[in-house]
Amino acid sequence: SVKTESLGMGQSGTANSSIVGQRITVASDGWTSAAIDEGDIKINGQDIGAIAIDSDMETILKAINDNVDNVTASAFNTVVAKNVGNGVTTVGQMVITVKELGQTTATAFNISASASLEELKDNINSEAGAVVQASINTDGKLVLSNDTGATITIDDNSSSVGSGFSATSADYGGFLKLTADDDNPVRIERGNLHASTPGAAADLAVLGFRET
């Protein structure tokens with residue numbers, strides 16, 4: 001479920017409560033599109049350190065987990081097709097590209113031809129299942145997901161848009177999840193507020209968060 005209450009968004013901080021941001025901001029190459037300077041973001045009053053431009057989710061998780069006590073950072077990615085596809089594709093028309101965590105280059109999976117959405121789902125799981133998993137939701141739409149937060153790029157060039165995704169290649173960054181390890185609320189905010197170049201809303205947006 002991606003309902004607000006299921007994701008833990010907006011809940012008060014209690015033991016093991018979590019907050020989940022929007023998709024992390026990624027450039028066309030699937031890496032973060034902007035840098036975060038040291039001290040520009042704090043979680044529960046603790047600096048997360050610097051995050052360089054073109055970092056992947058693994059780098060973001062390491063920065064938080066290495067520098068912030070009593071909060072655990074994890075990630076996931078879920079992408080749901082806009083339409084119900086018919087699953088009709090030929091070889092190479094459905095391309096899923098994933099930049100696996102820790103890798104410098106992305107891997108493109110050219111999915112085999114399919115005659116139905118169920119077959120397309122099975123082909124994806126057979127050929128790209130190590131880094132992205134496919135399922136069909138209760139609305140009959142194709143869902144692609146992973147439990148790493150790695151960016152998923154989808155390109156469906158089938159004449160019928162068999163997958164239900166757009167024919168235009170699109171990059172989908174993962175979601176960052178922050179979970180409290182104690183009874184304190186999870187609080188993420190801008191830092192360096194008294195510096196000449198303080199943390200900005202854009203810094204939080206890189207990680208999918210905003211101040212309220």
Chemist: Do Asn83 side-chain atoms and Gly85 backbone N/O form a donor-acceptor pair below 3.5 Å?
Modeler: no

Chemist: I want to check something: taking the side chain as every heavy atom from C-beta on, are Asn65 and Val68 in contact at a cut-off of under 4.5 Å?
Modeler: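 No, side chains not in contact.
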
Chemist: With a 3.5 Å distance limit and no angle check, can you tell me whether Ser114 reaches the backbone of Gly87 through a side-chain donor-acceptor pair?
Modeler: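 Checking the backbone N and O of Gly87 against the side chain of Ser114, a donor-acceptor pair under 3.5 Å is found.
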
Chemist: Do Asn77 side-chain atoms and Tyr172 backbone N/O form a donor-acceptor pair below 3.5 Å?
Modeler: yes

Chemist: Would you confirm whether Asp47, through its side chain, and Gly49, through its main-chain N or O, come within 3.5 Å as a donor-acceptor pair?
Modeler: no

Chemist: Spell out, as yes or no, whether a donor-acceptor pair under 3.5 Å connects the side chain of Asn137 to the backbone of Gly140.
Modeler: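 Here the side-chain-to-backbone pair exists.
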
Chemist: For the pair Asn110 (side chain) and Val95 (backbone), establish whether a donor and an acceptor sit closer than 3.5 Å, ignoring hydrogens and angles.
Modeler: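 No; judged by distance alone, with no hydrogens or angles, the pair does not exist.
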
Chemist: Under 3.5 Å, is there a donor-acceptor pair between the side chain of Asp139 and the main chain of Lys141?
Modeler: no

Chemist: Examine distances only and state if a side-chain atom of Ser55 and a backbone atom of Thr59 form a donor-acceptor pair shorter than 3.5 Å.
Modeler: no

Chemist: With hydrophobic residues grouped by side-chain heavy-atom distances under 4.5 Å, do Val132 and Ile136 end up in a single group?
Modeler: yes

Chemist: For the hydrophobic clusters of this structure (ILVMFWY residues joined by side-chain heavy atoms under 4.5 Å, transitively), does one cluster hold both Phe109 and Ile154?
Modeler: yes

Chemist: Report whether Leu144 and Val20 are members of the same hydrophobic cluster (ILVMFWY, side-chain heavy atoms less than 4.5 Å apart, transitive linking).
Modeler: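 No, because Leu144 and Val20 fall into different hydrophobic clusters, even though each may have its own neighbours under 4.5 Å.
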
Chemist: Taking a hydrophobic cluster as the set of Ile, Leu, Val, Met, Phe, Trp and Tyr residues connected by side-chain heavy atoms closer than 4.5 Å, whether directly or through intermediates, do Val79 and Leu176 fall within one such cluster?
Modeler: no

Chemist: Any side-chain heavy-atom pair from Met94 and Leu120 closer than 4.5 angstrom?
Modeler: yes

Chemist: Would you find a donor on one side and an acceptor on the other, under 3.5 Å apart, between the side chain of Asn192 and the backbone of Glu38?
Modeler: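 Present.
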
Chemist: Among the clusters formed by ILVMFWY side chains lying less than 4.5 Å apart, do Ile19 and Met57 turn up in the same one?
Modeler: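 Both belong to a single hydrophobic cluster.
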
Chemist: Run the salt-bridge test on Lys121 and Glu119 with the 4.0 Å N-O cut-off and return the result as yes or no.
Modeler: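 Salt bridge: no.
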
